[in-house]
Amino acid sequence: MTQHQAVAAHPTRHVDPVDPVHPVDPARRVAPDGGPPGASATARRVLGLPDPVEESVARAAARRTVERVGGPVGLAVASAPTVTFVATDAAAGLGPALLALGVTAAAASGVRLARREPPGAAVAGLVVAAVCAGVAALAGEARAFFLPSMALPVVFVLAYVVSLAAGRPLTGFMVNRLVGGPRDWARHRALRRVYTLTSVVGLAMAAANLAVRVAFYRADEPAALAVVQVVATSLFAVHFAVTLVAARRAAGRPVDAPVPPARAPRG
């Protein structure tokens, strides 16, 4: 019997890519770890549904990006103090806004600890909130709350410019160890090309981020500044994840290989 005859004789069975002449009954399939099929696989077989499609590289990168910043809950927790401060200031003024900020920042730190995030992240959140609140209280205006965070894009713009001028792009220092690249990555043509391109993109993003923040600060728009801050964090996390994927490919490493946890830049 030929291979095509074997498949035609068993139309409801799946062909084993290793041994296509002997089709495999879905009911006898085993899990990748050698155990019996899971509940979802059994349900798909009973309902006649197709097997799940393997996750694409782009979708995997997006998923890892969300995970890297703590997932949807992590994003909400990180944004809650800023959103609460701006909303309360618009409704009741600066004094109540500072009080609401303190309560929300403490609650956010508690959520981080409850989710078993590193204690340093919880402490850092409190410190950042305290510094921003102090600047706003001293200045007597809500927009001053965003002055400390405006220093980040300035630092990143300078770091990108200096690193590109020196021929050692900043993203190489940021992700090369995470992707398992060689120590002399500056001499690795493919890697250097990736790091140069992603550093140029990062420079453009940081410069645009700074320009938009300055414009909204001068216009005295705290709500717009809050939106920019939240969006910028997400965009730089995406940039970080895309850099990881591109660098893994250039280094000849599997794109889906595990990556040690590291905090994405928030330039």
Side-chain angles (χ1 to χ4, degrees), residues 54-79 112-113 115-125 127-128 149 151-209 229-267:
E54 186 176 353
E55 187 177 35
S56 66
V57 172
R59 182 168 295 182
R63 175 178 52 79
R64 287 196 296 270
T65 298
V66 176
E67 292 174 352
R68 187 169 294 277
V69 294
V73 176
L75 287 172
V77 169
S79 306
R112 285 191 172 105
L113 293 175
R115 298 179 71 226
R116 297 184 178 180
E117 294 185 17
V123 174
V127 171
V128 170
S149 61
L152 282 176
V154 174
V155 172
F156 272 97
V157 166
L158 293 176
Y160 277 123
V161 170
V162 171
S163 66
L164 287 169
R168 299 181 68 85
L170 180 61
T171 54
F173 294 102
M174 295 165 60
V175 307
N176 191 66
R177 291 187 62 183
L178 297 177
V179 302
R183 292 184 178 181
D184 59 342
W185 55 265
R187 299 181 180 179
H188 193 291
R189 181 176 300 180
L191 274 175
R192 183 169 179 174
R193 186 183 302 114
V194 168
Y195 293 148
T196 299
L197 177 60
T198 54
S199 292
V200 170
V201 173
L203 171 60
M205 292 174 62
N209 183 21
Q229 184 161 307
V230 173
V231 172
T233 299
S234 302
L235 290 179
F236 277 93
V238 170
H239 174 259
F240 189 77
V242 171
T243 302
L244 282 175
V245 173
R248 280 191 179 279
R249 285 181 167 177
R253 305 275 295 182
V255 175
D256 57 352
V259 178
R263 300 189 67 179
R266 299 190 178 186

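Index from 1, following the sequence. Computed over heavy atoms, backbone and side chain alike; hydrogens, waters and symmetry mates excluded. As the structure is a computational prediction, the values presented were derived from the model and not from experiment.
- Under the side-chain contact (heavy atoms from CB on, under 4.5 Å) criterion, Ala122 pairs with Ser109, Arg112, Leu113, sequence neighbours left out.
- Between the OG1 atom of Thr243 and the CG atom of Leu170 there is a distance of 10.0 Å, given to the nearest 0.5 Å.
- For Ser149, the side-chain hydrogen bond (donor to acceptor under 3.5 Å, both in side chains) criterion is met by Arg213, Gln229, not counting sequence neighbours.
- Take Val231 and apply the side-chain contact (heavy atoms from CB on, under 4.5 Å) test, not counting sequence neighbours, and it matches Val227, Leu235.
- The minimum heavy-atom distance between Ala250 and Leu191, with the atom names listed, is CB-CD2, 3.9 Å.
- Every side-chain hydrogen bond (donor to acceptor under 3.5 Å, both in side chains) that Thr171 has, sequence neighbours left out, goes to Thr198, Ser199.
- Closest approach of Leu244 to Leu178, counting heavy atoms only: CD2-CB, 4.0 Å.
- Below 30°, between 30° and 60°, or above 60°: for Phe156 and Tyr160 the angle between ring planes is between 30° and 60°, a tilted geometry.
- Here Ala186 pairs with Arg168 under the side-chain contact (heavy atoms from CB on, under 4.5 Å) rule; sequence neighbours left out.
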Verdict with supporting geometry, Phe236 and Leu152, side chain to side chain contact (heavy atoms under 4.5 Å, CB included)
CA-CA 12 Å; Phe236 277 93; Leu152 282 176; over 6 Å; no
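- Val155 pairs by the side-chain contact (heavy atoms from CB on, under 4.5 Å) definition with nothing, not counting sequence neighbours.
- For residues 179-192, no pair satisfies side-chain hydrogen bond (donor to acceptor under 3.5 Å, both in side chains), with sequence neighbours left out.
- The shortest side-chain heavy-atom distance between Ser79 and Thr233 does not fall under the 4.5 Å cut-off.
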